[in-house]
Amino acid sequence: MNYEFDTYIDRIGTNSVKWETNHPDYNQEGMLPLWVADMDFACPPEVTEALLKRATHPIYGYPMKQAAFYQSLQEWIQKRFGVAVETSWMTGIPGIIPGLHVAIEAFTQVGEKVLIQSPVYHPFFHAVTNRGRQVVTSSLVNDENRYQIDWDDLEQKLSDPAVKLMLLCSPHNPIGRVWTKGELERVGELCTRQGVIVVADEIHADLVYAKGSHTPYYSLPQEISRNSVTFLAASKTFNLAGLFTSYLMTENSQFLRDFSRTASKMGYENLNLFGMEATIAAYRHGEAWLKQLLVYLKGNAEYLHQYLAMRLPEVSMAVPEATYLGWMDFRSLGLSQTELNELLRREAKLGLQDGAMFGSEGAGFQRINFGCPRSILVEAMERLERVLRK
């Protein structure tokens, strides 16, 4: 079966954050919204069928976390990554952002420090500070549009006894890096040596372009993996973000108990009835859809990269190794971040995401969501070219 990703689907009237938020930075009249990370594609038809089937029963009371929900992830991980995991290692959580808050609350104390690698998904910062902890940043190094870990800096900051937790984004948002097994093992060895727990956000794990390139943190040697918890979800992979259904997984039974107990205290013990049904259907029937999606997404990334290289060389974007998020480099324009935002939002009418939101290292950058029909990107690039060629 061939799936259609070129077709434009009008989302106005669906209460879409991406398209209908009344925000001057993203959705001012006439702007093209390319910011928040959901895709403008229909999810796999099997997911819609599963939701419609469940919706025919007219009672939507409190659901149990059914065995099939956990088994579907177990089966997916075995099939996708060749890793054997146990359902007893898992619990559900209504979204990874709430999960980050729970993990920080469960594994650290107020005033302690949490390390992140910047530029990074901006809710990482908020989750740390909102729980009364201190952010410690180890900046990634931009090496000709491919980011690397600053190992000396990372080791130095992990050696601070007040650092108790590291939030790892793998694959990394917004830069699109897929960390190698060697890099992850080195991170794990440093953290284990210093007694720092690793919380790995692997929500983009399925959205890698080179088959087999993603190494799950939970697949690392046991002395490393047992010092960690991993967040997973079908939400980014299959475009189900609005169903707020995710997993936490760890083979460390004490970590799992501490997390589950804290989640219950914070009111996060229940999951969305339809989110579980959608997740099961996606993991069990969505692989063919995903295979075609990845080809289309990579094509979109290559289109943006090539357009900029050929027509707007003062702006660049490397083809990411994963995700449907591009990291556009506008630094050669010599504009302040305020000037850059003004140019893109007011003149080009493009609702990109301000790179500075991802940390100070993001100054001069913008994040673009290319999980959309190619025609939308064509319009975006033409708008950008018109403004820069004035």
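Just so it is clear, the structure is predicted and the values come from calculations on it, not from any experiment.
Gln292 places a side-chain N or O within donor-acceptor distance of the main-chain N or O of Met1, the cut-off being under 3.5 Å. Looking only at distances, a side-chain donor or acceptor of Ser228 sits under 3.5 Å from a matching main-chain atom of Ser225. Under a 3.5 Å cut-off, the side chain of Tyr60 and the backbone N or O of Ala55 do form a donor-acceptor pair. A donor-acceptor pair is defined here as one N or O able to donate and one able to accept, closer than 3.5 Å; no such pair exists between the side chain of Asn272 and the backbone of Thr245.
Scored by the side chain to side chain contact (heavy atoms under 4.5 Å, CB included) test, Thr180 finds Arg177, Glu183 as partners (sequence neighbours excluded). For Ser16, the side chain to side chain contact (heavy atoms under 4.5 Å, CB included) partners at least two apart in sequence or on another chain are Arg11, Thr14, Lys18, Trp19, Glu20. Judged as a side chain to side chain contact (heavy atoms under 4.5 Å, CB included), and not counting sequence neighbours, Asn22 has no contacts. Partners of Glu75 under the salt bridge (Lys or Arg N to Asp or Glu O under 4.0 Å) rule, at least two apart in sequence or in another chain, are Arg284. For Asp160, the salt bridge (Lys or Arg N to Asp or Glu O under 4.0 Å) partners at least two apart in sequence or on another chain are Lys113. Considering only residues two or more places apart in sequence or on other chains, Asp258 meets the side chain to side chain contact (heavy atoms under 4.5 Å, CB included) condition with Phe107, Gln254, Arg261. Among residues two or more places apart in sequence or in another chain, the salt bridge (Lys or Arg N to Asp or Glu O under 4.0 Å) test is passed with Lys164 by none.
Linking ILVMFWY residues whenever their side-chain heavy atoms come closer than 4.5 Å, directly or via other members, leaves Val36 and Val120 in distinct clusters.
Using a 4.0 Å cut-off between charged side-chain N and carboxylate O, Lys349 and Glu379 make no salt bridge. Salt-bridge check for Glu314 with Arg389: passed, with a basic side-chain N closer than 4.0 Å to an acidic carboxylate O.
Using a 30° and 60° split on the angle between ring planes, His122 and Phe358 fall in the perpendicular class, above 60°. Aromatic ring orientation, His23 versus Tyr26: tilted (interplanar angle from 30° to 60°).
Sequence neighbours left out, not one pair with a member in residues 222-247 passes salt bridge (charged side-chain N to carboxylate O under 4.0 Å, His left out). The list of salt bridge (charged side-chain N to carboxylate O under 4.0 Å, His left out) pairs with a residue in residues 91-108, not counting sequence neighbours, reads Glu105-Arg131, Glu105-Arg133. Under the salt bridge (charged side-chain N to carboxylate O under 4.0 Å, His left out) criterion, the residue pairs touching residues 140-152 are Arg146-Glu321, with sequence neighbours excluded. Pairs of residues two or more places apart, or lying in two chains, that qualify as side-chain hydrogen bond (donor to acceptor under 3.5 Å, both in side chains) and include a residue from residues 361-373 are Ser118-Glu361, Ser139-Glu361, Asn173-Arg367, Asn341-Gln366, Gln353-Arg367.
Outside the 6.0 Å centre-distance limit, the rings of Tyr3 and Phe41 are not counted as a close aromatic pair. Taking the six-membered ring for Trp, Trp89 and Tyr218 have ring centres at least 6.0 Å apart.
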**OP:** Check the pair Arg311, Glu382 against side-chain contact (heavy atoms from CB on, under 4.5 Å), reporting the backbone distance first and the verdict last.
**Re:** CA-CA 10 Å; Arg311 302 180 68 94; Glu382 290 176 351; over 6 Å; no
**OP:** Step by step, work out the side-chain contact (heavy atoms from CB on, under 4.5 Å) result for Glu46 and Trp289.
**Re:** CA-CA 10 Å; Glu46 295 87 351; Trp289 180 92; 5.7 Å; no
**OP:** For Leu34 and Ile376, run side-chain contact (heavy atoms from CB on, under 4.5 Å): C-alpha distance rounded to whole Å, both residues' side-chain angles, the deciding distance at 0.1 Å, then the answer.
**Re:** CA-CA 9 Å; Leu34 297 164; Ile376 293 178; 3.9 Å; yes
Original post:
Can Leu140 and Ile149 be said to form a side-chain contact (heavy atoms from CB on, under 4.5 Å), step by step?
Top reply: CA-CA 5 Å; Leu140 297 169; Ile149 295 171; 4.0 Å; yes
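Contact detail for Met166 and Gln117: the closest heavy-atom pair is CE-OE1, 3.4 Å. The shortest non-hydrogen separation linking Gly99 to Phe259 is O-CE1, 3.6 Å. Pro98 and Pro94 get closest at one heavy-atom pair: CG-O, 3.4 Å. Contact between Val178 and Ala322 at its shortest, heavy atoms only, is CG2-CB, 3.6 Å.
A distance of 6.0 Å separates CG in Leu154 from CG in Leu115, rounded to the nearest 0.5 Å. Summarising the geometry, atom CG belonging to Leu232 is positioned 11.5 Å from atom OG1 belonging to Thr279; distances are rounded to the nearest 0.5 Å.
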When the side chains of residues 194-213 are checked against the rest of the protein, which donor-acceptor pairs come out under 3.5 Å, sequence neighbours left out?
residue: Asp201; atom: OD1; partner: Ile203; partner atom: N; Å: 3.1
residue: Glu202; atom: OE1; partner: His214; partner atom: NE2; Å: 2.9
residue: Glu202; atom: OE2; partner: Tyr217; partner atom: N; Å: 2.7
residue: Asp206; atom: OD1; partner: Trp76; partner atom: NE1; Å: 2.9
residue: Asp206; atom: OD2; partner: Trp76; partner atom: NE1; Å: 3.4
residue: Asp206; atom: OD2; partner: Thr237; partner atom: OG1; Å: 2.9
residue: Tyr209; atom: OH; partner: Thr323; partner atom: O; Å: 2.5
residue: Ser213; atom: OG; partner: Ala210; partner atom: O; Å: 2.7

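Side chain to side chain, Tyr8 and Asp40 fail the donor-acceptor criterion of an N or O pair below 3.5 Å.
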